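The next block holds one structure in the form of structure tokens; read it before the comments.
Quantities reported herein were computed from a predicted structural model and do not represent experimental measurements. We use all heavy atoms of the structure for the numbers below, so side chains are in, but hydrogens, waters and symmetry mates are not.
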Amino acid sequence: MRGIPRVTGTRGSLPGALVSVTALLTTGLLAAPAGAAPSRPDAAVRSVSVDAQRHAQQFWTPERMKAATPLDLVTVADRVDRGSAPAQGRKITVDPTTPKAAPVDAGVMAFPSGGGQWTGGGAVLSTAGRVFFTYQGRTASCSGNAVTSANKSTVITAGHCVKLQGAWHTNWVFVPGYHDGQAPYGRWTASKTLSTPQWTASEDINYDIGAAVVAPLDGKRLTDAVGGQGLAFNTGYNLAMYSFGFPAASPYNGEKFIYCSGTTNRDFLLSNDHGMTCNMTGGSSGGPWFTQFNESAGTGLLSSVNSFKYNFLPNRMYGPYFGADAQNLYQTAQLS
């Protein structure tokens, strides 16, 4: 993969090692106060003006979407804070919101799978989508997913899919159900983008989680149009998960909806992330990881997102642990 950045750090048997990492830009509603997140530092929020939203809606033509390139993560040396493991709280789950007309199921897929096109059906075909934005003057892409939320307008993605190198991305849109340059459910522009305070302050890979609140489109709110997946926080490690995304770096081109599945384990190198066997590439960042995923219904509990890979483990994907700070981010987004 091109543009491989460098991460320095130590853990276990790797003292002073230079390790390469590639980011892959490639039970009811959680409502305040009953399900409020534990007290944590405030999530960072960027508001987007109505004029900027209108510009983003017009900017993303089918041609620009097809031409967008995956965003490589810049150097994050000394930004893996081993003293800052994600804070945990009580286990919280949020139920999926089933769309009114979910796509037809096409059969059971393989588990485990190291990567392949999702030929099944279910709600994930409409809740997941590509994220497009402008970064340093160029068009770029990630992945994301609509979730159940009080505002019916919340998308979860990776932190570097909303902000990188101290700059918030512009022209940010979410395109659920994307395929072949088409936007079957429309282009949903962000009215707010958010990230964890740890990612915003130092781009700590343990907290590479982002969110967006999207504006209504044609008089509808997002999850009324496409449905929303559930979420889970503080549910531990070593779990059976499915991950999804729109990888756009070789051998993929961003036009196919790809999935991986398997039992995860905790990263034993530089992060506190989940790890899964997966061959997805740049452009898949921010795509959802589900626990309790039902292949027939295409629904599950979003428990992490595609975040990064070590270059010497090209078939291993990592995603951040959804602890108290991820819960706080979600709570801030859904109440915005």
Side-chain angles (χ1 to χ4, degrees), residues 5 7 9 11 19 21-26 37-38 40-41 43-44 71 73 76 79-89 91-92 131 142-145 147 154-164 193-212 229 231-239 241-245 260 262 264-276 278 280 284-291 300-310 313 316-333:
V7 175
R11 185 172 181 180
V19 183
V21 172
T22 299
L24 295 169
L25 294 173
T26 32
R40 300 295 300 158
L71 180 65
L73 187 62
V76 290
R79 293 186 179 183
V80 180
D81 185 355
R82 296 301 311 152
S84 182
Q88 300 189 32
K91 178 180 177 180
I92 292 288
V131 170
C142 276
S143 302
N145 195 89
V147 295
T154 298
V155 176
I156 300 295
T157 185
H160 64 266
C161 296
V162 295
K163 187 176 184 181
L164 189 59
T193 50
L194 309 88
S195 188
T196 59
Q198 296 89 346
W199 178 260
T200 302
S202 63
E203 295 181 1
D204 185 339
I205 203 71
N206 291 303
Y207 302 91
D208 185 17
I209 311 164
Q229 297 288 348
L231 303 99
F233 303 98
N234 303 300
T235 53
Y237 290 91
N238 305 313
L239 304 170
M241 291 194 187
Y242 287 69
S243 67
F244 292 85
C260 299
T264 64
N265 57 27
R266 187 171 182 170
D267 181 18
F268 60 88
L269 295 172
L270 295 179
S271 78
N272 291 287
D273 285 15
H274 302 281
M276 178 193 297
C278 186
M280 279 194 272
S284 65
S285 272
W289 290 36
F290 297 115
T291 51
L301 304 181
L302 200 157
S303 303
S304 186
V305 295
N306 296 321
S307 176
F308 76 93
K309 283 186 174 183
Y310 296 105
L313 295 172
R316 194 77 179 164
M317 176 83 76
Y318 292 89
Y321 183 84
F322 271 27
D325 290 281
Q327 183 184 344
N328 183 63
L329 174 68
Y330 165 69
Q331 188 74 359
T332 302

Spacing of [atom1] belonging to [X] relative to [atom2] belonging to [Y], to within rounding of 0.5 Å:
X    : Y    : atom1 : atom2 : value
I92  : L231 : CD1   : CG    : 11.0 Å
S143 : I156 : OG    : CD1   : 14.0 Å
Q331 : T154 : CD    : OG1   : 10.0 Å

Contact check, side chains of [X] and [Y], non-hydrogen atoms, under 4.5 Å:
X    : Y    : answer
Y330 : F233 : yes
F322 : T291 : no
Y207 : L329 : no
L301 : T235 : no
W289 : N306 : yes
N145 : V155 : no
I205 : W199 : yes
Q327 : N234 : yes

Sidechain-backbone polar pair: S195 side chain, A44 backbone, donor-acceptor under 3.5 Å | no

When you measure from the side chain of Y310 to the backbone N and O of L270, does any donor-acceptor pair fall under 3.5 Å?
-> yes

Are S307 and D208 close enough that a side-chain donor and a side-chain acceptor fall under 3.5 Å?
-> yes

Taking atom types as modelled, is there a side-chain donor on R266 or N272 under 3.5 Å from an acceptor on the other?
-> yes

Would M241 and S303 satisfy side chain to side chain contact (heavy atoms under 4.5 Å, CB included), going step by step from the backbone distance to the final call?
-> CA-CA 9 Å; M241 291 194 187; S303 303; 4.1 Å; yes

Heavy-atom pair with the smallest gap, counting every atom of [X] and [Y]:
X    : Y    : answer
Y321 : G236 : OH-N, 3.1 Å
G275 : R316 : O-NH2, 3.3 Å
T157 : V131 : OG1-CG2, 4.5 Å
T332 : A43  : OG1-CB, 4.0 Å
P320 : H274 : O-CD2, 3.7 Å
K309 : M280 : NZ-O, 2.7 Å

Candidate pair C260 and M276, rule side chain to side chain contact (heavy atoms under 4.5 Å, CB included), full reasoning | CA-CA 8 Å; C260 299; M276 178 193 297; 3.9 Å; yes

Ring centers of Y242, F290 separated by less than 6.0 Å = no

Report the C-alpha distance between K163 and T200 in whole Å, list the side-chain angles of each, state the deciding distance to 0.1 Å, and finish with yes or no for side chain to side chain contact (heavy atoms under 4.5 Å, CB included).
-> CA-CA 7 Å; K163 187 176 184 181; T200 302; 3.1 Å; yes

